[in-house]
Amino acid sequence: MIPSHPQNNQSETARAPAWQHELRQAFSRPAELLAYLGLDPATPQLAAGLMRDFPLRVPRAYAERMAKGDVHDPLLRQVWPATEEARQVPGFVSDAVGDLKRARGGGLIHKYQGRVLLIATGACAVHCRYCFRRHFPYSGQLAVRAHWQTALDEIAADTSISEVILSGGDPLSLADDKLAELVQALDGIAHVRRLRLHTRQPIVLPSRIDERLLGWLDATRLATVFVLHANHARELDDKVAQALRPLRERGISLLNQSVLLRGVNDDADTLAALSERLLECGVLPYYLHLLDRVQGAAHFEVSEPEAQALMRALSARLPGYLVPRLVRELAGEPAKTPVPW
Ligand SMILES: *Cc1c(COP(=O)(O)O)cnc(C)c1O
Ligand code: SF4
């Protein structure tokens with residue numbers, strides 16, 4: 001069943017890019033997703049919590065890659081609002097990485113040496129249940145576009161900043177005219193040399209990579225890096241591989257970050273398959289994150305000793321460039337913290 005499009009007049013429909021239509025059709029009702037997957041809502045594992053502040057959100061292009069009839073599907077697990085989320089687990093808190101304390105007025109999160117992270121928007125195309133951003137009030141003061149000028153002024157005033165990271169939420173949730181405007185402003189700051197986008201959209205909504213997006217990417221003088229986010233090889237289907245091709249043709253560097261997740265990718269075969277598939281798509285693995293201990297995500301946790309054993313198994317069977325760096329994010333640290341194994 002295709003949900004209705006409220007108040008969408010004809011001319012607006014013609015102008016809006018395809019990916020925005022697709023986003024409007026994303027699954028937002030648990031029952032509807034289960035029906036699509038041929039799953040019985042009475043299955044105990046599929047009881048859904050009522051998560052009003054972080055509801056289900058799954059683009060159809062992503063749901064297509066889930067195995068029909070499998071309650072344990074690793075893609076489904078990433079997005080399913082399980083009742084386990086309501087469990088209070090000691091140590092799992094709402095601001096797990098300390099961003100609330102670090103955020104500055106203009107949407108600039110703290111600064112690692114030479115790099116600054118700009119919260120471009122709070123919105124995402126998909127709602128990942130393990131995400132620390134689920135409790136983050138991005139829609140409040142941080143994501144407001146009016147504050148971009150403050151951020152741009154801060155970047156312009158600090159010549160030590162050579163790289164600007166657009167993050168979110170997902171920065172590609174913004175319309176291309178807004179992104180073009182922001183990137184053009186960054187182009188005008190001489191000491192900024194690199195632009196990085198932390199985005200999951202090319203994975204969950206490959207139609208997002210369209211002519212308009214490529215237009216402003218072509219226009220910028222900045223060396224551009226995409227850090228994608230996929231956790232399982234099956235997230236990279238042929239549509240994704242095709243969508244990434246024009247980025248590769250432009251010499252854009254493609255990296256991937258993953259989160260180590262119980263029941264999704266917590267074994268060496270799955271992680272190795274992910275690295276291999278990423279390479280086939282022209283993407284190199286960058287980070288493998290230990291879970292941020294965010295409230296509602298405890299059922300995804302993999303212990304540190306287990307993670308270390310997985311890294312040893314991975315490095316024994318893959319070339320070094322296909323082994324991601326195992327990291328943990330600690331509040332107040334000047335960089336991601338490597339976890340030795
Ligand atoms: C992860 C992160 C970066 C980028 O770190 P790299 O090691 O360059 O990938 C920058 N700023 C913040 C706040 C981050 O969390
Ligand atoms: S910020 Fe990334 S991980 Fe978090 S919900 Fe959005 S897309 Fe998912």
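Each residue takes its place number in the sequence, starting with 1. One-based numbering, in listed order, for ligands and for the atoms of each.
- Using a 4.0 Å cut-off between charged nitrogen and carboxylate oxygen, Glu84 and Arg129 do not count as a salt-bridge pair.
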Take Ser173 and Asp170 through the test side-chain hydrogen bond (donor to acceptor under 3.5 Å, both in side chains) and record every step on the way to the result.
-> CA-CA 6 Å; Ser173 297; Asp170 196 313; 4.9 Å; no
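- Ion pair Asp176/Arg208 flagged as a salt bridge, since at least one NZ, NE, NH1 or NH2 atom sits closer than 4.0 Å to an Asp/Glu carboxylate oxygen.
- Between atom 6 (Fe) of ligand 2 and the options Ser167, Cys124, Cys131, the minimum heavy-atom separation is to Cys124.
- For Glu163, the closest heavy-atom approach to ligand 1 does not fall below 4.0 Å.
- The aromatic rings of Tyr130 and Phe300 lie perpendicular to each other, with more than 60° between the two planes, well past the 30° mark.
- Ligand 1 has no nitrogen or oxygen under 3.5 angstrom from a nitrogen or oxygen of His198.
- Looking at Arg194 and Glu163, a side-chain N of the basic residue comes within less than 4.0 Å of a carboxylate O on the acidic one, giving a salt bridge.
- Ligand 1 places these atoms under 4.0 Å from at least one heavy atom of Arg196: 4 (C), 6 (P), 8 (O), 9 (O).
- Ion pairing between a basic and an acidic side chain is recognised when a charged N comes within 4.0 Å of a carboxylate O; Asp238 and Arg277 show such pairing.
- Shown in contact with Leu117 at under 4.0 Å from a heavy atom are these atoms of ligand 1, numbered in order with element: 11 (N), 12 (C), 13 (C), 14 (C).
- Close approach of ligand 2 to His229 is summarised as follows: ligand atoms under 4.0 Å from at least one heavy atom of the residue are 3 (S).
- Ligand 2 has at least one atom lying under 4.0 Å from a heavy atom of Gly169.
- Atom 4 (Fe) of ligand 2 has no N, O or S atom of His127 closer than 2.8 Å.
- Proximity of Val126 to ligand 2 is established by a heavy-atom distance of less than 4.0 Å.
- Ligand-side atoms of ligand 2 in range of Arg200: 7 (S), range being under 4.0 angstrom from any heavy atom.
- Atoms of ligand 1 found under 4.0 Å from any heavy atom of Tyr287, numbered from 1 in the order shown, are 6 (P), 7 (O), 9 (O).
- Nearest to atom 6 (P) of ligand 1 by heavy atom, out of His289, Arg325, Arg115, Lys336, is Arg115.
- No single ILVMFWY cluster, assembled from side-chain heavy atoms under 4.5 Å apart, contains both Leu290 and Val264.
- Shown are Asp40, Leu46, Thr43; of these, the side chain to side chain contact (heavy atoms under 4.5 Å, CB included) with Leu34 is made only by Leu46.
- When each atom of ligand 1 is checked for a heavy atom of Ile165 under 4.0 Å away, the hits are 3 (C), 4 (C), 10 (C).
- Residue-ligand proximity, Tyr286 to ligand 1, at heavy-atom distances under 4.0 Å covers atoms 6 (P), 7 (O), 8 (O), 9 (O).
- Using a 4.0 Å cut-off between charged nitrogen and carboxylate oxygen, Arg200 and Glu235 count as a salt-bridge pair.
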